[in-house]
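Written below as structure tokens is the structure these notes are about.
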Protein chains: 2
Amino acid sequence: MVTIRDIAKAAGVSPMTVSNVLNSRPHVKDSTRARVLQTIDDLDYRVNIAARNLRRGKTHTIGLAVPEVDRPYFGELGAAIIENGRRHDLNVVIEQTERSRENELTALALSRLRMYDGLILSAVGLGESDVDLLRVDFPVVILGERIFQGPLDHVATPNEDGAHAAVQHLIERGCTRIIAVHGSLSDDTDVSSLRHAGYRRALADAGIEEDSRLTLTLDVFSPEAASAAVHQAVDAGLQFDGVFCVTDYVALGVLRALADLGISVPDEVKVIGFDDVESSRFLTPSLSSVNPSKDLIAAKAVDLLVDRIKGATGDPVEFVSPYALMARESTAVR
Amino acid sequence: MVTIRDIAKAAGVSPMTVSNVLNSRPHVKDSTRARVLQTIDDLDYRVNIAARNLRRGKTHTIGLAVPEVDRPYFGELGAAIIENGRRHDLNVVIEQTERSRENELTALALSRLRMYDGLILSAVGLGESDVDLLRVDFPVVILGERIFQGPLDHVATPNEDGAHAAVQHLIERGCTRIIAVHGSLSDDTDVSSLRHAGYRRALADAGIEEDSRLTLTLDVFSPEAASAAVHQAVDAGLQFDGVFCVTDYVALGVLRALADLGISVPDEVKVIGFDDVESSRFLTPSLSSVNPSKDLIAAKAVDLLVDRIKGATGDPVEFVSPYALMARESTAVR
DNA sequence: CTGAAAGCGCTTACAG
DNA sequence: CTGAAAGCGCTTACAG
């Protein structure tokens, strides 16, 4: 590997001068600069980033750890964070935690280890009981589902209110027997539980009594699982006229199952999702959804992280993004 | 920041012993090990990865540079590469190049700079003329669309043959006037051009004369653009009974436009895509598509990269993955 | 405008 | 089983 010393030797200057040229610092004579640049080109030299990072203590790179890179929501979130990172001259690098608590902790640990200047962690595995493990002396912003009253800045999705709005929307459109499709409600702070709480509150507000048979619990968050659950419910003779899906991704399976069963959407059953993923508006019927203001979430998360990287020491910030209801064909009245 | 020296001092040993404990090397007395571990815990010490990387010259991390992280295809590809990386104890980190030649070159340069042990670069901006710039003394595997007879290992998508199979499938199902929707054909080696070549060959094989009005060129690869193009074609009175879409993502817009126009799929028009993205089979109608064997691409790319990281010096490998035609409702005959 | 030297935090032969 | 010392490749006060 060719190093800065090799260049220095070949160009007849000191390593420091090469470094100055590399970092386009002033106070280098033009002729010297030209000679060094020429030598760099001749020897095909590239800076060793590991060494520079060690020395500078900065990488100008932040990490984004998401549960799964192949979910459209996280892809779109990643793109939004990359875009915001650019405003601050920050590279963004994406890692996958696979929804596991352990991997989320590893992401946290690795980042402390100076691969990144800071980390945005979309936490789904970590819970309130892990709060102590989050006391890191390193810039981290927690993103997403759960609400931590933890030691770190947190940008939260409007889970309960968004779900409430979605279900209220179904009710306004005439639905009275509304299915909720989500993951298991093991814990009070996961997406499913928070969104389910919004569902229940909307029913209560409308004076509709909850029917536990209308709650479909999935083992996995997937269209397959959602489709199977709907098939099973219909086969069992369950009557319903609306479906609230915990995510658009799950709604994909619900819509497909209803089509398979010859149940017309929105005429017989209305369907709404959550996340407002890009493809939702191109589905047939286009899918109504709750838009959690992904761009705002991304902007806020990056801004908070940049502040911490710059050394801000204030109390942890808790920001809940606003939401918008996107009414489309799947909940239309005609 | 607490360093290995601090631990050494506090535990009354040398930095080297701390390092040995950290790297679970043998030949450390149990009592010493225990004391060091305790001190590490007490002082909440973590290894500084930048320093370790510099010293070891290895990061156990590979980079994956993709054009856009928010396209389902690249999300799924990323997940597949992460999975394969794990088999080799390699972390995978995803970066976005935004389809720009410049960013692809930056990814190449940065990776050389020892942030990663190797790079998988999904190149769409680089062309044959950049071949010289690819002569890097660093493990890189080029992925994807274009065919390089370059100096690097290359795992290629079966663009032309896959497109040929798709269009042949439409013809077998009775289509004779087949639209092709893709990006501009500025260059012979981009996705659009390669897939268009397959389209033309399938028409020729079937003795169908090509009609240039049936080629719809998009400025951007997006459902919006595709939808607009279809609307415009129909408004202009274009007659057609099949649509070959350059990607499933583009097909989303085509399907939506046809639905808006009241044109029934597959009865009046049959539609097929390329990529076989996960959501395609849940659309209504479910979308026929060409599956480019993403998992194989990922496995092959990681294997080749690992070989190079281990020092393999053989000639560049060119691997074209197989494809499979997924026939679904959008091309059904009934 | 340029240089000699120290040091970022770690690991690794080399000794003992 | 443990240590002293060199060095990974860079940058940065400090001098001149």
Side-chain angles (χ1 to χ4, degrees), chain A residues 1-40 43-61 109-117 137-138, chain B residues 1-40 43-61 109-117 137-138:
Chain A
M1 188 197 312
V2 23
T3 75
I4 217 172
R5 297 178 72 107
D6 300 327
I7 302 301
K9 207 168 297 174
V13 297
S14 75
M16 187 203 146
T17 298
V18 180
S19 175
N20 282 339
V21 171
L22 246 22
N23 296 288
S24 33
R25 261 186 269 277
H27 309 310
V28 180
K29 213 192 331 182
D30 281 351
S31 61
T32 309
R33 178 185 308 278
R35 188 152 35 93
V36 169
L37 253 17
Q38 182 59 51
T39 312
I40 286 174
L43 276 63
D44 197 25
Y45 164 79
R46 311 287 161 124
V47 173
N48 178 322
I49 285 278
R52 174 181 283 176
N53 287 347
L54 173 60
R55 187 51 233 237
R56 292 223 256 236
K58 284 274 170 241
T59 63
H60 292 285
T61 301
L110 270 178
S111 67
R112 287 191 68 188
L113 312 184
R114 322 283 148 177
M115 297 238 0
Y116 309 135
D117 292 346
D137 60 343
F138 181 85
Chain B
M1 190 196 312
V2 23
T3 75
I4 217 172
R5 298 178 72 106
D6 299 326
I7 302 300
K9 206 169 297 176
V13 297
S14 77
M16 186 206 149
T17 298
V18 179
S19 175
N20 282 338
V21 170
L22 245 24
N23 295 288
S24 34
R25 260 186 270 274
H27 308 310
V28 179
K29 210 185 346 178
D30 281 352
S31 62
T32 309
R33 179 185 307 280
R35 190 151 34 94
V36 169
L37 252 17
Q38 182 60 49
T39 311
I40 286 174
L43 275 63
D44 198 25
Y45 164 81
R46 311 287 162 123
V47 173
N48 179 321
I49 286 277
R52 173 180 283 175
N53 287 348
L54 172 59
R55 190 49 234 240
R56 294 224 254 237
K58 284 274 169 240
T59 63
H60 292 285
T61 300
L110 270 179
S111 66
R112 284 191 70 189
L113 313 184
R114 322 283 148 178
M115 297 239 1
Y116 310 136
D117 292 345
D137 60 344
F138 181 85

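Computed from a predicted structure; not experimentally measured. All chains are named by letter (A, B, ...) in the order of the sequence lines, taking the proteins before the strands, and each is independently numbered beginning at 1.
- For the pair A:Arg5 CZ and D:dA6 C1', the computed distance is 13 Å after rounding to whole Å.
- Atom pair A:Arg56:CZ and C:dC8:C1' shows a separation of 13 Å (rounding to whole Å applied).
- Following rounding to the nearest Å, B:Lys9 (NZ) and C:dG9 (C1') show an atom-to-atom distance of 14 Å.
- Listed by first residue number, the stems of DNA chain D with at least three Watson-Crick or G-U pairs below 3.5 Å are C:1-3 with D:14-16, C:5-12 with D:5-12, C:14-16 with D:1-3.
- Panel note: side chain B:Ser31, backbone B:Lys29; no donor-acceptor pair is recorded below 3.5 Å.
- When the side-chain nitrogen and oxygen atoms of A:Thr32 are compared with OP1 and OP2 of C:dT2, one or more of them lie within a distance under 4.0 Å.
- Here the side chains of A:Asn20 and A:Val36 are not in contact, with every heavy-atom distance at 4.5 Å or above.
- By the side-chain hydrogen bond (donor to acceptor under 3.5 Å, both in side chains) test, B:Arg52 is found to be paired with B:Asn23, residues two or more places apart in sequence or in another chain being considered.
- When all heavy atoms of B:Val13 and B:Arg35 are compared, the pair lying nearest together is CG1-NH1, 4.1 Å.
- At whole-Å resolution of the value, CG in A:Asn53 and C1' in D:dC8 are 14 Å apart.
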- Task: Test B:Asn48 against B:Thr3 for side-chain contact (heavy atoms from CB on, under 4.5 Å), laying out the working first.
- Result: CA-CA 8 Å; B:Asn48 179 321; B:Thr3 75; over 6 Å; no
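- Counting non-hydrogen atoms under 4.0 angstrom, A:Arg33 reaches nothing in the nucleic acid.
- Residue B:Arg52 places its side chain closer to C:dT11 than to any other of D:dT2, C:dT11, C:dG9.
- Taking all atoms of both residues into account, the shortest heavy-atom contact from B:Arg33 to B:Arg25 is NH2-O, 3.2 Å.
- Atom CG of B:Leu54 is separated from atom P of D:dC10 by 9 Å (rounded to the nearest Å).
- The residue among B:Ala51 and B:Pro15 whose nearest nucleotide of DNA chain D lies closer to the 5′ end is B:Pro15.
- Scanning both residues, B:Tyr116 and B:Phe138, for their nearest heavy atoms gives O-CZ, 3.1 Å.
- The shortest distance between the side-chain N/O atoms of A:Asn23 and the OP1/OP2 oxygens of D:dT11 is below 4.0 Å.
- Contact annotation: B:Arg25 reaches the phosphate of C:dT12 (side-chain N/O to OP1 or OP2, under 4.0 Å).
- Look at B:Thr17 and you won't find any side-chain N or O under 4.0 angstrom from OP1 or OP2 of D:dC1.
- Note on B:Thr3: every side-chain N or O is 4.0 Å or more away from OP1 and OP2 of C:dG9.
- In this structure the side chain of B:Val2 never reaches within 4.5 angstrom of the side chain of B:Asp44, judged on heavy atoms.
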Write out a two-atom table: protein N or O, nucleotide N or O from nucleotides 14-16 of chain C, distance below 3.5 Å.
none

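- Taking atom CG of B:Asn20 as the reference point, atom P of D:dC1 lies 11 Å away to the nearest angstrom.
- In this structure, CD1 of B:Ile4 is placed 14 Å from P of D:dA4, rounded to the nearest angstrom.
- Listed nucleotides: D:dT2, C:dC1, D:dT11. Nearest to the side chain of A:Arg55: D:dT11.
- Residues B:Pro15 and B:Ala8 approach most closely at N-CB, 3.5 Å, considering heavy atoms.
- Looking at heavy atoms from C-beta onward, B:Leu54 lies out of side-chain contact with A:Asn53 at the 4.5 angstrom threshold.
- Spacing between atom CG of A:Asp6 and atom P of D:dG9 amounts to 9 Å, rounded to whole angstrom units.
- Regarding contacts with the backbone of D:dC10, every side-chain N or O of A:Ser19 stays at 4.0 angstrom or more from both OP1 and OP2.
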